[in-house]
There are 2 protein chains.
Amino acid sequence: MPQPSPGRRALDADPAVIGARVRSLREERGISLSALARLAGVGKATLSGLENGTRNPTLETLYAVTAQLGVPLTAVLAEPATTPTVHGAAVHATLLEVFTDADATYELYRMRVAPGAGQLSPAHQPGVTEHVTVFAGVLRAGPADAPSTAAAGGYLRFTSDVPHSYAAVGDEEVDASLLLRYPRR
Amino acid sequence: MPQPSPGRRALDADPAVIGARVRSLREERGISLSALARLAGVGKATLSGLENGTRNPTLETLYAVTAQLGVPLTAVLAEPATTPTVHGAAVHATLLEVFTDADATYELYRMRVAPGAGQLSPAHQPGVTEHVTVFAGVLRAGPADAPSTAAAGGYLRFTSDVPHSYAAVGDEEVDASLLLRYPRR
DNA sequence: CCCCCGCGTTCCGTTTACGGAACGATCGCG
DNA sequence: CGCGATCGTTCCGTAAACGGAACGCGGGGG
C-alpha cells in the first residue's frame with residue numbers, strides 16, 4: 001500500500017478516555033471499584049488510577065480488568081469495529097487479511113479510487129508485487145511510466161518496487177480488491 | 001455459498017504473540033528495529049523486549065509503535081476475525097467481503113486447498129467468473145476439462161458456469177484468494 | 001448517637017518498564 | 001585485513017506502575 005499516510009489516525013490511546021470506558025463498563029454492571037479490583041487481582045490503587053486516567057497501564061493490567069468485565073481489550077481501546085484503513089489523496093484501502101508463509105507475506109485490501117486526479121505511490125521494497133481485480137469502474141494503474149487499464153472484472157499485476165500510480169478513468173469511482181505480495185528477504 | 005454468519009473476534013493478550021505480530025509487521029515493511037525505535041520515540045531496549053515478549057508493555061509504548069507501523073492497536077491485540085467458512089472435500093474457503101454494484105456481485109474468499117485428491121464443483125449460473133491469486137503452493141484449477149496451473153504469486157481466471165475443479169499440485173497445501181463474480185441477471 | 005462496614009482516593013515501599021549506553025556480530029568498502 | 005556503520009541484545013540507573021495499607025466519607029443497624 002502507499003505507506004501509511006501521515007494523516008492522524010483517529011485511534012485514541014488516551015488513558016483518560018480508556019479509563020472512562022472502563023468505569024462506564026463497570027458501573028453498567030453495578031459492581032464497585034473495590035470488588036472489580038479484587039476479582040481482577042489488581043490493587044485498588046491501580047484500578048482507581050486507571051479509571052481516572054492518571055496511570056499508563058500495562059497490557060497485563062488492562063487485560064486482567066477487561067477480562068473480568070467480560071469484554072475484549074478492543075472494547076476499551078476505542079474505535080469500535082474499525083478495520084485498518086489507509087487513506088491517500090485518491091485511494092482509500094481497508095485491510096481485509098494478512099497471510100504469511102515461508103516465501104512471502106500477503107496483504108489483501110479492499111480498495112476504492114475516487115474519480116479525478118489519481119495518486120502516485122512511492123516505491124516499495126524490491127520484489128513487491130501488486131495484484132488488482134476491478135469490481136466496478138475503470139482503473140488505470142501500474143508503474144508510473146507504463147500504467148495499464150482494467151475495467152470491471154479485469155485484473156492487473158505489476159511490480160511496485162518503482163513509483164506507481166492509481167487513477168480512476170472517467171467519472172465513476174473504482175472499486176477493486178488489491179493484493180500486495182512482499183517476498184521474504 | 002453459505003450465508004454470512006457473525007464472526008467472532010478472539011483476543012490474545014499473550015505478550016509473546018503480540019511481540020511476534022509487531023516483529024512481523026516491522027519486517028514486512030523492511031525497517032530495522034533500531035529505526036522503528038527511533039521513529040516511535042522509544043528505546044531500542046524497549047522495542048527489543050517487546051518483540052521478544054520479555055516485557056509487559058504499557059499502552060503508551062505499544063501505541064507509539066503501532067502508530068508508526070500504520071496499524072491500529074487492535075491489529076496486534078486481536079486475532080483476525082473468523083467469518084463464514086465453506087468446507088469441501090479438499091477446499092476450505094472463508095468469506096472476506098461481498099460487494100455489489102449495478103452490474104455484478106463479488107464475493108472475496110480466502111481459500112485453502114489441501115494436498116491429495118482435488119475437488120470438483122458443479123456449474124454456477126451463466127456468466128459467473130472466478131479469479132484466483134495463489135499465495136503459496138501450486139494450484140491446478142479451472143473448467144473440469146481444461147484446468148490451468150499457477151504457483152505462488154500466480155493468477156488464474158476462468159468461467160465457472162460449467163463444472164470446474166480445484167487441486168493442489170504436489171504435497172503442499174495451497175493458499176490463495178478467490179474472487180467470485182456473479183453478473184447481474 | 002456511635003459503631004461498623006464498604007466505598008473510592010491517597011500514601012508508600014517494592015517491582016519493573018523505561019531510555020541511554022555499551023556490547024559483540026555482521027556487513028560493505030578502501 | 002582494519003575501519004566505520006548499523007544491526008539486535010544486554011546492562012544499568014531512573015521513573016513510574018504496581019499492590020497493600022491507611023485515610024476520609026457516607027449509610028445502615030443496634
Side-chain angles (χ1 to χ4, degrees), chain A residues 3 12-69 71 73 75-78 100 105 123-128 161 182-185, chain B residues 12-69 71 73 76-77:
Chain A
Q3 74 220 39
D12 80 302
D14 180 356
V17 176
I18 291 172
R21 290 209 179 85
V22 170
R23 172 157 291 173
S24 156
L25 286 166
R26 173 173 65 78
E27 290 178 343
E28 273 172 27
R29 287 159 180 69
I31 179 177
S32 73
L33 185 151
S34 309
L36 179 55
R38 202 177 326 115
L39 285 171
V42 306
K44 294 200 295 177
T46 301
L47 185 52
S48 175
L50 163 58
E51 290 193 354
N52 291 320
T54 61
R55 285 203 191 175
N56 180 239
T58 62
L59 268 189
E60 188 179 29
T61 298
L62 194 57
Y63 178 73
V65 172
T66 56
Q68 283 304 318
L69 289 171
V71 300
L73 265 179
V76 298
L77 292 179
T100 303
T105 296
H124 293 143
Q125 302 168 244
V128 174
D161 49 10
Y182 299 89
R184 190 161 296 287
R185 285 157 302 100
Chain B
D12 191 355
D14 181 354
V17 176
I18 290 171
R21 292 207 185 96
V22 169
R23 173 156 290 174
S24 157
L25 285 166
R26 172 174 66 78
E27 290 178 344
E28 258 175 41
R29 287 156 177 71
I31 178 177
S32 73
L33 185 150
S34 309
L36 179 56
R38 201 179 324 116
L39 285 170
V42 306
K44 296 200 294 179
T46 301
L47 184 53
S48 176
L50 164 58
E51 289 194 356
N52 291 322
T54 61
R55 285 206 192 171
N56 178 237
T58 62
L59 266 189
E60 187 179 29
T61 298
L62 194 57
Y63 177 72
V65 172
T66 56
Q68 282 303 318
L69 289 171
V71 301
L73 271 174
V76 298
L77 293 177

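Residue numbers start from 1 in every chain, and the chains themselves are labelled A, B, ... in the order their sequence lines are given, proteins ahead of strands. As the structure is a computational prediction, the values presented were derived from the model and not from experiment.
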- Message: What is the separation between atom CG on A:Asn56 and atom P on C:dT15, rounded to the nearest whole Å?
- Response: 21 Å

Pair up each side-chain donor or acceptor in residues 39-48 of chain A with any protein partner under 3.5 Å, not counting sequence neighbours, and list the distances.
| unit_1 | atom_1 | unit_2 | atom_2 | d |
| --- | --- | --- | --- | --- |
| A:Thr46 | OG1 | A:Arg55 | NH1 | 3.4 |

- Item | Side-chain (B:Asn52) to main-chain (B:Thr54) donor-acceptor, under 3.5 angstrom | no

- Message: Could you tell me how far apart A:Leu33 (CG) and D:dG26 (C1') are, to the nearest whole angstrom?
- Response: 16 Å

- Message: For A:Thr58, give me all partners under side chain to side chain donor-acceptor pair (under 3.5 Å), at least two apart in sequence or on another chain.
- Response: A:Thr61, B:Asn56

- Message: I need the CD1-P distance between A:Ile31 and C:dG6, as an integer number of Å.
- Response: 15 Å

- In this structure, which one of A:Val76, A:Leu77, A:Leu25 forms a side-chain contact (heavy atoms from CB on, under 4.5 Å) with A:Thr66? A:Val76

- Nucleotide C:dT16, atom C1' - distance to CG of B:Leu59 in whole Å: 16 Å

- Taking every non-hydrogen atom, the tightest pair across B:Arg29 and B:Leu69: NE-O, 3.0 Å

- Exceeds 12 heavy-atom contacts within 6.0 angstrom, atom CD of A:Glu27: yes

- Between C1' of C:dT9 and CZ of A:Arg23, the distance in whole Å: 10 Å

- Message: Please compare A:Leu62 and B:Gly49 by the position of their nearest nucleotide in DNA chain D and report the one closer to 5'.
- Response: B:Gly49

Filtered N/O pairs between nucleotides 19-23 of chain D and protein, under 3.5 Å:
| unit_1 | atom_1 | unit_2 | atom_2 | d |
| --- | --- | --- | --- | --- |
| D:dG19 | OP2 | A:Gly43 | N | 2.9 |
| D:dG19 | OP2 | A:Thr46 | OG1 | 2.2 |

- Message: Within this structure, what is the CZ-CG distance for the pair A:Arg26 and A:Leu33, rounded to the nearest 0.5 Å?
- Response: 4.5 Å

- Query: Once you round it to whole Å, what is the distance between P of C:dC7 and CG of A:Leu36?
  - Reply: 11 Å

- Closest to the side chain of B:Thr58, out of D:dC7, C:dC18, C:dC7, is C:dC18

- Between P of C:dT9 and CD of A:Glu51, the distance in whole Å: 7 Å

- Please determine if a side-chain N or O atom of A:Ser34 lies less than 4.0 Å away from the OP1 or OP2 oxygen of C:dG8. yes

- Between CD of B:Glu60 and P of D:dA15 the distance, given in whole Å, is 15 Å

- Message: Measuring from the side chain of A:Ser48 (C-beta onward, heavy atoms only), which nucleotide among C:dC7, D:dT10, C:dT9 has the closest atom?
- Response: C:dT9

